[in-house]
Asker: 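The structure is given below, and queries will be raised subsequently.
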Amino acid sequence: MTTERFDPASADMRWQAAWDAAGAFVADSNSAKPKSFVLEMFPYPSGRIHIGHVRNYTMGDVLARYKRMTGHEVLHPMGWDAFGMPAENAAMEKGVHPGGWTRDNIEAMKKQLKRLGFALDWSRELATCEPEYYGHEQALFLALYEAGLVTRKESEVNWDPVDMTVLANEQVIDGRGWRSGAPVERRKLAQWFLKITDFADELLEGLGTLDTWPDKVRLMQENWIGKSQGLEFSFDLSNGERLPVYTTRPDTIFGASFVAIAPDHPLAQSVAAQNCDAASFIALCKRGGTTTAEMDTAEKLGFDTGIGARHPFTGAHLPVFIANFVLMDYGTGAIMAVPGHDQRDFEFAIKYGLAIPRVVAASAAEADKPFAGEAESGDGVVVNSDFLDGMAVEDAKREVISRLEAEGRGTGKTVWRLRDWGVSRQRYWGTPIPFIHCDGCGMVPVPRDQLPVVLPEDVDFQTPGNPLDRHPTWKHASCPSCGGGAVRETDTLDTFVDSSWYFLRFASQPADRPFDPAEVAKWLPVEQYIGGIEHAILHLLYARFWTRALARIGMIEVKEPFASLFTQGMVTHETYSREDGGRTVYYAPDEISREAERALLTADGGAVEIGRVVKMSKSKKNTVDPDTIVARYGADAVRWFMLSDSPPERDLPWSEAGIEGCWRFVQRLWRLFGQYDAGTTGEDQALTRRRHRTVAAVAQDVEALAFNKAVARIYELTSAVEKAAPGAARSEAIRTLALLVAPMMPHLAEEAWKAMGQEGLVSQAAWPAVDTALLVEDEVTIALQHMGKLRDTITAPKGASKDDLEALALANEKLQRSIAGAQVKKVIVVPDRLVNVVA
RNA sequence: GCGGGUGUGGCGGAAUGGUAGACGCCGGGGACUUAAAAUCCCCUGAUCCUUGAUCGUGUGGGUUCGAGUCCCACCGCCCGCACCA
């Protein structure tokens with residue numbers, strides 16, 4: 001057998017070709033095996049795979065390969081989330097067409113993925129930017145429209161008044177447009193919405209069935225949906241009108257010291273019509289972007305309308321303010337403000353010198369306790385509140401609601417934080433929304449037989465704004481209803497729509513419809529979905545909604561697309577920088593020679609500062625290029641590194657030393673594989689036990705996606721095998737190691753498998769069987785403690801009785817010395833674990 | 001600001017309320033070699049009065065025979081906040 005080094009440069013390509021030739025990873029819909037759909041979030045084709053992708057896809061790949069080895073028919077596909085802004089930016093900056101740029105990127109990235117040896121079914125590849133995909137999306141959109149799940153309404157966008165264009169939140173930097181630098185304004189536009197709010201209850205309920213999703217994701221979605229029970233009631237206003245408000249804290253109604261309305265509330269608008277100060281205040285509120293983070297951190301500002309609101313119980317006169325922190329989208333767009341028990345109201349009251357009454361306290365005795373510089377939103381007992389005094393918060397809520405309901409002045413009401421999903425984008429590179437505006441007939445859907453509405457190729461990116469809107473011919477169409485002249489909708493769909501059903505298209509790709517329901521029924525739900533935590537809310541909620549919407553209109557049966565979810569951490573790297581004239585200049589890892597304590601710039605030999613370990617980004621230059629690394633170490637060492645050390649849900653710090661270590665382990669395993677000898681005999685019971693234990697542990701770890709632990713087990717077995725005497729048990733352990741690492745280091749495993757003279761591809765071999773009888777230990781280590789402190793350890797037969805363990809412990813010399821004549825009060829014995837003497 | 005995470009040796013991390021630091025990296029010492037690379041072996045939390053003991057899991061409290069793990073308060077960092085994907 002060869003003693004040469006494992007050479008990934010030749011082996012990787014050879015085995016990738018062998019898998020292709022065997023069609024090893026093509027999913028067979030007609031298979032009788034149990035199915036397993038393993039999916040990683042598909043990438044945006046930015047041009048290069050980054051190391052975060054490598055980590056994501058390596059995890060999915062290990063699981064997919066493992067599932068295949070354990071007898072599953074695996075669907076493990078790959079596609080491209082190919083619409084989006086970067087393609088338009090490239091078009092503006094480099095004068096290339098978004099389509100050409102995107103397709104080139106896809107080709108380059110596909111090559112990179114192949115180079116890593118992922119067990120993907122490339123026959124099902126899709127790209128969302130092709131009419132073969134987005135045409136079906138248009139059909140689905142129309143189906144939702146027919147079901148009444150699509151609406152149009154006004155909503156605010158970030159408007160750049162200089163470039164005369166809509167900006168994405170990301171394009172608003174410190175309240176200014178990223179190109180023009182002009183202060184951004186909020187502007188209302190008629191837009192398309194999907195009625196996700198119709199599914200709020202269902203989406204919330206459904207979380208309960210997703211018990212293998214991370215709790216944190218379910219909690220985030222629950223809070224995002226934000227179901228709250230509250231009270232809607234109306235204030236009588238001094239101008240004779242009534243103002244409905246919504247509150248989730250009716251128990252604090254006696255603490256209301258003012259009323260606040262959103263700047264775009266109808267009442268605010270009517271005040272502004274007669275008062276130019278009010279109008280200019282509202283205009284001031286329109287400044288800045290649309291994000292809630294921005295709204296929440298902005299200074300609280302208000303305008304006193306001069307109108308008074310009559311408190312429903314006390315009759316007190318409360319001033320009505322227009323306030324920038326009140327949202328028109330939530331509740332009624334008007335609130336009763338209780339500064340003592342809401343932080344936003346508190347800040348506002350301080351600024352405008354309004355009363356801050358206390359109506360909730362820890363106890364009745366603290367009814368007049370002053371506030372410590374902030375609102376108290378916690379639980380307690382109601383005080384200073386007439387008939388509510390002494391009640392618990394929850395009881396007081398019910399009491400206020402029932403009183404106002406009895407008087408016919410208000411109603412208990414459930415309100416959701418979740419808003420309808422605005423899917424309109426005023427951009428070119430997206431799925432055209434299949435509608436036509438006709439002056440006579442209104443908004444008319446494009447007939448199915450005219451789909452897809454294809455994006456025009458001849459577009460101009462030299463002017464800001466939507467190229468579809470100023471295209472000379474594309475938007476002119478005849479009305480499908482009356483045949484008269486009409487214009488196409490020039491908004492395109494949010495790219496989150498594209499990613500809300502791609503997993504259905506992976507199940508089957510008929511040309512004449514979005515998917516084959518029978519194939520969807522066969523493959524869905526996805527057994528394991530893997531992606532970044534940054535998608536915890538939006539993408540995952542939208543995909544859940546879209547799936548449920550299609551189920552409601554009878555197109556599919558499945559309601560939850562992802563049976564199990566895993567959110568992996570980022571890949572990070574330390575940064576290298578120098579201060580240069582007050583500016584920080586960053587250097588890339590390959591410009592640096594790294595020593596134990598310091599880092600030097602290769603170009604001039606001078607020292608650079610080693611900065612914090614942060615997410616890899618172009619701006620900090622702390623990226624590593626997968627191609628370079630794979631070329632140097634081979635795919636397997638890189639894959640192994642991606643799985644080692646860090647728990648997959650946490651960040652993984654990239655390091656040269658780490659990848660070097662993985663490279664050494666690849667070679668170490670290769671040497672060990674070379675020692676396989678099918679002909680030897682001789683037993684080694686301890687090694688055999690260890691082998692079975694490792695197989696069981698690795699299987700358990702891989703199924704739990706605890707790859708770092710699986711890796712540690714493999715290291716342990718490797719060391720044990722190296723130390724073991726030659727014999728049949730050792731050879732069998734070596735053969736087993738090849739199977740254990742096959743999902744992780746498939747090229748090395750194939751090469752070894754062949755060298756050992758085994759049949760077929762290791763990728764298609766069966767996972768080694770475990771003899772559970774060999775998993776049980778007959779001896780265990782018992783910790784001996786005195787007052788919880790370790791004094792000695794002893795070995796005892798597994799399952800020894802409590803009395804036996806206690807006797808063994810009390811006879812132990814070290815423990816006796818520690819107790820040293822003190823009175824033994826109690827002895828705690830945990831069988832197979834420890835004995836703790838309390839003395 | 002709001003919501004959700006996270007914090008353990010020089011580093012990444014392991015540990016059903018029960019022996020803290022498995023496994024890997026770095027570092028130190030040794031073997032092999034003309035030499036280097038590669039490889040192999042040993043050591044490697046801190047402190048001290050070093051056959052042993054004390055301290056030690058972001059900080060401060062608490063519950064428990066026993067806390068990295070449970071509870072309360074705080075601090076740092078990370079993710080999301082609806083037009084980045």
Side-chain angles (χ1 to χ4, degrees), chain A residues 5 41 43-44 46 81 83-86 157-158 166-172 191 196 214-217 219-224 226 289-298 300 325 329 343-344 347 417-427 494-496 499 532-539 541-542 567 569-570 572 596-597 612-615 644-647 649-653 655 657-658 660-662 664-665 667-668 671 708-709 711-716 719 722 781-793 814 817 825-828 830 833-839:
Chain A
R5 298 183 120 207
M41 293 180 184
Y44 178 79
S46 57
D81 190 12
F83 274 137
M85 283 204 314
V157 294
N158 301 306
V166 177
L167 299 176
N169 286 335
E170 163 182 84
Q171 297 173 316
V172 180
Q191 310 215 61
I196 191 172
D215 287 342
K216 61 179 171 186
V217 175
L219 195 55
M220 280 191 263
Q221 292 211 353
E222 186 182 324
N223 290 335
W224 185 263
T290 55
T291 69
T292 47
E294 214 171 320
M295 308 273 248
D296 287 350
T297 48
K300 308 287 174 284
F325 66 92
D329 292 328
Q343 186 59 26
R344 292 162 303 183
E347 287 168 31
R417 208 185 76 94
L418 184 67
R419 309 199 296 258
D420 276 333
W421 175 13
V423 292
S424 279
R425 297 293 180 269
Q426 294 72 38
R427 270 186 263 287
D494 180 4
T495 56
F496 275 127
S499 53
I533 184 67
E534 67 274 19
H535 293 294
I537 297 175
L538 294 180
H539 162 58
L541 193 64
Y542 291 148
T567 54
M570 298 176 301
T572 58
E597 301 287 323
R612 287 187 30 219
V613 176
V614 296
K615 179 181 183 171
S644 304
D645 295 355
S646 284
E649 68 277 11
R650 280 208 232 159
D651 290 352
L652 170 71
S655 77
E660 290 281 352
C662 293
R664 283 199 297 271
F665 184 63
Q667 297 304 338
R668 186 175 152 202
R671 285 192 297 276
N708 58 320
K709 294 193 219 169
V711 162
R713 305 286 153 251
I714 290 171
Y715 273 118
E716 279 173 334
S719 297
E722 284 170 338
T781 306
I782 304 291
L784 304 184
Q785 298 180 335
H786 173 211
M787 302 297 284
K789 284 186 194 276
L790 184 72
R791 286 296 174 262
D792 201 3
T793 56
K814 284 183 182 169
R817 208 186 310 148
K825 296 194 190 93
K826 200 169 161 189
V827 179
I828 290 146
V830 182
R833 277 276 176 190
L834 61 75
V835 179
N836 184 18
V837 177
V838 183

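Predicted model, so just to flag it, every value in this text is computed and none were measured.
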Asker: Under the 3.5 Å rule, do the base of B/C83 and the side chain of A/Q426 count as making a donor-acceptor pair?
Answerer: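 Flag set: donor-acceptor pair detected.
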Asker: If only side-chain N and O atoms of A/R650 are considered, is one of them under 4.0 Å from the OP1 or OP2 phosphate oxygen of B/U8?
Answerer: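 No.
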Asker: Which part of the nucleic acid, if any, lies within contact of A/L418, taking any heavy atom under 4.0 Å across all strands shown: a base, the sugar-phosphate backbone alone, or nothing?
Answerer: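 The residue A/L418 makes base contact.
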Asker: Taking atom types as they are modelled, would you say the side chain of A/E660 forms a donor-acceptor pair with the base of B/C26 within the 3.5 Å cutoff?
Answerer: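 Absent.
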Asker: Who is the Watson-Crick or G-U wobble partner of B/G1, with both distances under 3.5 Å?
Answerer: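 Checking every strand shown, B/G1 finds its partner in B/C81, with both distances under 3.5 Å.
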Asker: Given the P atoms of B/G68 and B/A15, what is the spacing between them in whole Å?
Answerer: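 Comparing P positions in B/G68 and B/A15 gives a spacing of 15 Å.
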Asker: If you measure from the P atom in B/G30 to the same atom in B/A37, how many Å do you get, rounded?
Answerer: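 Looking at atom P only, B/G30 and B/A37 are 15 Å apart.
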Asker: Rounding to the closest angstrom, what is the interatomic distance between B/C72 and B/C79 at atom P?
Answerer: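 The answer is 26 Å between these two P atoms.
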Asker: When all nucleic acid strands are considered with a 4.0 Å heavy-atom cut-off, which category describes A/N836: base, sugar-phosphate, or nothing?
Answerer: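 Counting heavy atoms under 4.0 Å across all strands, the contact made by A/N836 includes a base.
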Asker: Starting at atom CG of A/D329, determine the distance to atom P of B/C2, rounded to an integer number of angstrom.
Answerer: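 Between P of B/C2 and CG of A/D329: 21 Å.
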Asker: Between B/C55 and B/U8, how far is it from one C1' atom to the other, in whole Å?
Answerer: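 About 15 Å, rounded to a whole number of Å.
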Asker: Are A/R664 and B/C26 close enough that a side-chain N or O sits under 4.0 Å from OP1 or OP2?
Answerer: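 Yes.
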Asker: Test for a donor-acceptor pair under 3.5 Å between the base of B/C83 and the side chain of A/R427, counting only N and O atoms.
Answerer: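 By the distance-only test, yes, there is a pair.
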Asker: For B/U50, does the O4'-C1'-N9-C4 or O4'-C1'-N1-C2 angle fall within 90° of 0, making it syn, or is it anti?
Answerer: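 Syn, which is what one calls it when the glycosidic angle falls within 90° of 0.
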Asker: Remember a base hit wins even if backbone is also touched, and classify A/L219 as base, sugar-phosphate or nothing at under 4.0 Å, heavy atoms.
Answerer: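 Sugar-phosphate contact only - A/L219 comes under 4.0 Å of backbone atoms but never of a base.
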Asker: Find which nucleotide of RNA chain B each of A/K789 and A/T781 is nearest to by heavy atoms, and output the residue with the more 5' nucleotide.
Answerer: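 It is A/T781, whose closest nucleotide lies nearer the 5' terminus.
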Asker: Counting only heavy atoms from other residues, nucleotides and ligands, does the tally under 6.0 Å from CZ of A/R344 exceed 12?
Answerer: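 Counting other residues, nucleotides and ligands, CZ of A/R344 stays at 12 neighbours or fewer.
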Asker: Which whole number of Å gives the distance between the P atom of B/U57 and that of B/C43?
Answerer: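 About 26 Å, rounded to a whole number of Å.
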Asker: Among B/G12, B/A85, B/C83, find the nucleotide with the atom closest to the side chain of A/F496.
Answerer: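 Among B/G12, B/A85, B/C83, the one nearest the side chain of A/F496 is B/A85.
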Asker: In whole Å, measure the gap between the C1' atoms of B/C25 and B/G76 for me.
Answerer: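 The same atom, C1', in both gives a distance of 26 Å.
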Asker: State whether A/S644 places a side-chain N or O below 4.0 Å from either non-bridging phosphate oxygen (OP1 or OP2) of B/G24.
Answerer: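 Negative; the distance criterion is not met.
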Asker: Over all strands shown, is A/R791 touching base, sugar-phosphate only, or nothing at heavy-atom distances under 4.0 angstrom?
Answerer: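 Contact class for A/R791: sugar-phosphate only.
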Asker: What does A/Q785 touch in the nucleic acid at a heavy-atom separation under 4.0 angstrom: a base, only the sugar-phosphate, or nothing?
Answerer: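 Touches a base.
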Asker: A/L167 or A/R833: which one's nearest nucleotide on RNA chain B is closer to the 5' end?
Answerer: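 Looking at the nearest nucleotide for each, A/R833 comes out on the 5' side.
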Asker: Between the base of B/G12 and the side chain of A/D645, is one N or O donor paired with an acceptor at under 3.5 angstrom?
Answerer: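 Donor-acceptor pair under 3.5 Å: yes.
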Asker: With a 4.0 Å cutoff (strictly under), does any side-chain N or O of A/T495 reach OP1 or OP2 of B/A85?
Answerer: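 It does, given that an N or O in the side chain of A/T495 lies less than 4.0 Å from OP1 or OP2 of B/A85.
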Asker: Within less than 4.0 Å of OP1 or OP2 of B/C83, is there a side-chain N or O belonging to A/R425?
Answerer: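 Yes, because at least one side-chain N or O of A/R425 sits under 4.0 Å from OP1 or OP2 of B/C83.
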Asker: With rounding to the closest Å, how many angstrom separate the C1' atoms on B/G45 and B/C11?
Answerer: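 My reading of the C1' atoms in B/G45 and B/C11 gives 13 Å.
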Asker: Are the side chain of A/R417 and the backbone N or O of A/W224 linked by a donor-acceptor pair below 3.5 Å?
Answerer: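 Checking the backbone N and O of A/W224 against the side chain of A/R417, a donor-acceptor pair under 3.5 Å is found.
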Asker: Measure from CG on A/D651 to P on B/C77 and round the result to the nearest Å.
Answerer: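 Taking atom P of B/C77 as the reference, CG of A/D651 is at 15 Å.
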Asker: With sugar-phosphate meaning primed atoms plus P, OP1 and OP2, does A/A657 contact a base, only sugar-phosphate, or nothing at under 4.0 Å between heavy atoms?
Answerer: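 Since only primed, P, OP1 and OP2 atoms lie under 4.0 Å of A/A657, the category is sugar-phosphate.
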Asker: Rounded to whole Å, how long is the line connecting atom CE of A/M220 with atom P of B/G4?
Answerer: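 After rounding, the reported distance stands at 9 Å.
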Asker: Over 60° means perpendicular and under 30° means parallel, so classify the ring planes of A/Y542 and A/W421, tilted if in between.
Answerer: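 Aromatic pair A/W421/A/Y542 classed parallel.
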Asker: Examine distances only and state if a side-chain atom of A/N836 and a backbone atom of A/M787 form a donor-acceptor pair shorter than 3.5 Å.
Answerer: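 The answer is yes, because a donor-acceptor pair under 3.5 Å joins these two groups.
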Asker: Return the nucleotide paired to B/G12: Watson-Crick means purine N1 to pyrimidine N3 with N6-O4 or O6-N4, wobble means G-U with N1-O2 and O6-N3, both under 3.5 Å.
Answerer: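 Pair assignment: B/G12 / B/C23.
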Asker: Quote, to the nearest angstrom, the P distance that separates B/C40 from B/C23.
Answerer: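 Straight-line distance between the two P atoms is 16 Å.
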Asker: Only pairs with both distances under 3.5 Å count, Watson-Crick or wobble alike; so what is the partner of B/C74 in this structure?
Answerer: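 The base-pairing partner of B/C74, which may sit in any strand shown, is B/G58.
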Asker: When we call it a touch if two heavy atoms are under 4.0 Å apart, what does A/T297 touch: a base, just sugar-phosphate, or nothing?
Answerer: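 Counting heavy atoms under 4.0 Å across all strands, the contact made by A/T297 includes a base.
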Asker: If we call it a pair only when both distances are under 3.5 Å in a Watson-Crick or G-U wobble match, what pairs with B/C48?
Answerer: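 Pair assignment: B/C48 / B/G52.
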Asker: Under the 3.5 Å rule, do the base of B/C83 and the side chain of A/N169 count as making a donor-acceptor pair?
Answerer: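 Checked by distance alone, the answer is no.
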Asker: Using a 4.0 Å heavy-atom cut-off across all strands, classify A/P43 as base, sugar-phosphate, or nothing.
Answerer: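 Here A/P43 touches no strand at all.
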Asker: Determine which nucleotide pairs with B/U39, using a 3.5 Å limit on both distances of a Watson-Crick or G-U wobble pair.
Answerer: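 The base-pairing partner of B/U39, which may sit in any strand shown, is B/A31.
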Asker: Determine the contact category for A/V217: base if any of its heavy atoms lies under 4.0 Å from a base atom, sugar-phosphate if only primed atoms, P, OP1 or OP2 are that close, otherwise nothing.
Answerer: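 The residue A/V217 makes no contact with any strand.
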Asker: Just compare B/A85, B/A15, B/C65 and give me whichever is closest to any side-chain atom of A/H535.
Answerer: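 Among B/A85, B/A15, B/C65, the one nearest the side chain of A/H535 is B/A85.
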Asker: Does B/G13 have its OP1 or OP2 closer than 4.0 Å to a side-chain nitrogen or oxygen of A/N708?
Answerer: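 No, because none of the side-chain N or O atoms of A/N708 sits under 4.0 Å from OP1 or OP2 of B/G13.
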Asker: Would the distance check show the side chain of A/N158 and the main-chain N or O of A/L167 forming a donor-acceptor pair, the cut-off being under 3.5 Å?
Answerer: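 Such a contact is found between A/N158 side chain and A/L167 backbone.
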Asker: At under 4.0 Å between heavy atoms, what does A/Q221 touch on the DNA or RNA strands: base, sugar-phosphate, or nothing?
Answerer: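 Counting heavy atoms under 4.0 Å across all strands, no contact is made by A/Q221.
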Asker: Syn or anti for B/G9, with syn set at within 90° of 0?
Answerer: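 You should classify B/G9 as syn.
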Asker: Give one of base, sugar-phosphate or nothing for A/S424, where a contact means two heavy atoms less than 4.0 Å apart.
Answerer: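 If one applies the 4.0 Å heavy-atom cut-off, A/S424 turns out to touch a base.
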Asker: Using a 4.0 Å heavy-atom cut-off, does A/G422 contact any base of the nucleic acid, only the sugar-phosphate backbone, or nothing at all?
Answerer: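 Contact class for A/G422: sugar-phosphate only.
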